[in-house]
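Notes to accompany the following structure.
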Number of protein chains: 2
Amino acid sequence: MKENNQVSVPVIKRLPRYHRYLEELKNLGIVRISSKELSMRMGLTASQIRQDLNCFGGFGQQGYGYNIEQLYNEIGLILGINKRSKAIMIGAGNLGHAIATHLHFENRGFDLVGIFDNNKNVIGTKVGGRTVLDADTLEEFCKAEKPVVAILCIPSEYAAENADKLVSLGIRGFWNFTQYDLMHRYGDVAVENVHLGDSLMTLCYQINKLSDSDEVQK
Amino acid sequence: MKENNQVSVPVIKRLPRYHRYLEELKNLGIVRISSKELSMRMGLTASQIRQDLNCFGGFGQQGYGYNIEQLYNEIGLILGINKRSKAIMIGAGNLGHAIATHLHFENRGFDLVGIFDNNKNVIGTKVGGRTVLDADTLEEFCKAEKPVVAILCIPSEYAAENADKLVSLGIRGFWNFTQYDLMHRYGDVAVENVHLGDSLMTLCYQINKLSDSDEVQK
DNA sequence: GTTCTTTGTTAAAAAAATGAACAAGTTATT
DNA sequence: AATAACTTGTTCATTTTTTTAACAAAGAAC
C-alpha cells in the first residue's frame with residue numbers, strides 16, 4: 001500500500017488488461033481467484049500481479065486470494081472509469097466516424113458530448129446518434145460545456161494548430177490519432193497516442209524478421 | 001554494428017518515429033542532421049539516438065552527422081516497408097472500413113489484397129475501392145493468394161476461432177483490433193495489438209490523476 | 001595543416017521491471 | 001482444536017532497459 005510515490009507507466013498500462021480478464025471471469029460467475037491462477041490465464045507471473053496491485057492497496061486476503069467482483073471494481077476506481085469526463089471529437093472522417101460509433105466511451109470514463117468537423121458536407125449529419133457540429137462553433141461550445149478531453153481524428157498537418165487552440169480552450173488531455181507528436185508540447189496535458197501507422201510498421205518489422213529467420217533455418 | 005544479437009522491442013518501437021521525423025526533415029529540404037540536433041527536435045538524448053541506430057549499423061559520419069535521405073531509406077529497409085507483404089482484413093464493419101480506407105498500407109510494407117465479412121448486406125459493397133468478399137471464400141482465397149497478415153476488425157468473441165483458422169491457412173501475423181489477447185497463443189506468429197479500449201482507459205487514468213493533483217494544490 | 005565537429009563504441013551508473021522468497025494471516029481438513 | 005495447505009503483502013535479488021559520460025577516429029571547415 002504505497003500510494004505516496006508515483007506508479008510507473010507500464011503498471012498503469014497493464015490495468016485495463018486486468019480489468020478485461022476480471023470482467024470475463026465475473027461474467028463466468030467465478031467469485032474468487034488467486035494471483036497464481038490469474039497469472040497462468042494471463043501469461044504473467046503471480047509475483048508481478050501481486051506487485052502491480054500492491055501499488056494501489058491490498059485487495060486480497062491470505063489463503064483466499066482476490067474477490068473478483070471487488071477487484072474489478074477497485075481497478076475501475078483506480079482508472080477512474082466510473083466518472084464521466086466530457087470528451088469531444090475533432091474530425092468526423094472515416095476514422096472519427098468509426099471511433100465514435102465503435103467505442104463504448106461510457107464504460108471507459110468518458111462522455112462524447114460533441115463531434116466537430118469543418119467539412120460542410122459532413123456538418124449536420126448523424127454519427128452514432130450525434131449530430132456533427134460546425135468546427136466554427138467549437139470555442140463557444142467549449143466555453144459552455146467545458147470538455148476535458150479531445151479526440152483528434154484530423155489530418156496530421158492540422159494537429160498542432162488544433163491542439164494549441166484546444167488547450168487554450170481548457171482541454172487537458174488528447175486521444176491522438178494523428179501522426180503528429182503532441183508529447184512534450186504542453187506541461188500538464190495528458191496525451192495518449194494511437195499511432196496506427198507506427199503500429200503497422202512495427203508489425204512489418206516482425207513479419208520480415210520471422211521470414212528472415214525462416215530462410216536462415218533452411 | 002551488432003546485427004547478431006536481438007534488438008530490444010523499445011528500440012524497434014522507436015524506429016517508426018525516427019522515420020516520421022526524417023521524412024518531415026527530408027520534405028523540408030534539409031540534407032544533413034546531427035544526433036544532437038535530432039535529439040533536441042525529438043525530445044531524446046543524442047546518445048540514445050546514436051545507440052538506437054547503432055543496433056543496425058553505422059549510418060553516419062564523424063564530423064558530418066547523418067544524411068537525412070539515406071538514414072530515412074535505411075530505416076525503411078530495417079522495417080522492411082519496401083517489400084509488399086499481402087494482408088487481408090477480416091471484418092468490414094465501421095472500424096474495418098475506416099482502417100481500410102484511412103491507412104496507406106503500401107507505404108508501410110503491405111498490400112491489402114482482400115476484405116472479408118460474413119454479413120450478406122456488406123458482401124459485395126466497395127470499401128476503399130475493394131469489393132468485400134464472402135468470408136466463406138476465405139480458405140479458397142488464402143490457398144490461392146497466400147496472404148501473410150490478417151487484420152482483425154471483428155467482435156472480440158469471434159477472435160479466437162478466426163485466428164486459429166487463419167493460422168492454419170498460413171497467416172503469420174495479426175494486426176489485432178479486437179479486445180481478445182492473441183499473444184502467447186501461437187509460437188512463431190507476430191501479433192501487434194491495437195487495444196483502443198485499453199488506450200482510452202489509460203487516458204482516463206491520466207486525466208483523473210491530473211485533476212487529483214489539481215485538488216491537492218488548491 | 002590545424003581546429004572543430006560529430007560519429008561509433010565502450011563503459012559505467014541509474015532506473016525500472018521482473019522474479020524469488022518468506023513471514024503472517026486465512027481457509028480447509030482431520 | 002490442532003494441523004496442514006494456501007496465498008497474500010512485502011522485501012530482497014536479479015535482470016533488463018535507459019541514461020549518461022567519455023573518447024579515439026575520421027571527416028569538415030577554415
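Sequence lines set the chain letters: A, B, ... in the order given, protein chains first and strands last, and positions in each chain run from 1. Predicted model, so just to flag it, every value in this text is computed and none were measured.
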Atom-to-atom span, CD1 of B:Ile12 to P of D:dT16 - whole angstrom: 17 Å
Once you measure the plane-to-plane angle for A:Tyr205 and B:Phe56, does it fall in the parallel (<30°), tilted (30-60°) or perpendicular (>60°) bin? perpendicular
Taken to the nearest whole Å, CD1/B:Ile49 to C1'/C:dG8 is 14 Å
Closest to side chain of A:Ser34, choosing from D:dT19, D:dT8, C:dT9: D:dT8
Classify the ring geometry between A:Phe116 and A:Phe141 as parallel (under 30°), tilted (30 to 60°) or perpendicular (over 60°). perpendicular
Could you check whether B:Thr202 and A:Glu192, counting side-chain N and O atoms only, form a donor-acceptor pair closer than 3.5 Å? no
Would you kindly give the CD-to-P distance between B:Gln48 and C:dT9, to the nearest whole Å? 17 Å
Expressed in angstrom and rounded to an integer, what is the separation of B:Glu37 atom CD from C:dT5 atom P? 14 Å
Would B:Asp164 and B:Tyr186 count as having a side-chain donor-acceptor pair, cut-off 3.5 Å? yes
Tell me: CG of A:Asn54 to P of D:dT7, nearest whole Å? 17 Å
Whole-Å distance, A:Asp52 CG to C:dA17 P, equals 10 Å
Strictly under 4.0 angstrom, non-hydrogen atoms only: write out the protein contact profile of nucleotides 20-30 of chain C, one letter per nucleotide from the 5' end, B, S or -. BBB-BBBSS--
Is the charged tip of A:Arg32 near the ring of A:Tyr64: under 6.0 Å from the six-membered ring centre and within 45° of its axis? yes
Which whole-number value in Å describes the distance from B:Met40 CE to C:dT6 P? 10 Å
Just to verify, which of B:Ile151, B:Thr178, B:Ile154, B:Ile115 counts as forming a side chain to side chain contact (heavy atoms under 4.5 Å, CB included) with B:Ile90? B:Ile154
Between C:dA17 atom P and A:Lys13 atom NZ, what is the distance in whole Å? 12 Å
Mapping A:Val11 and B:Tyr66 to their closest nucleotides on DNA chain C, which lands nearer the 5' end? B:Tyr66
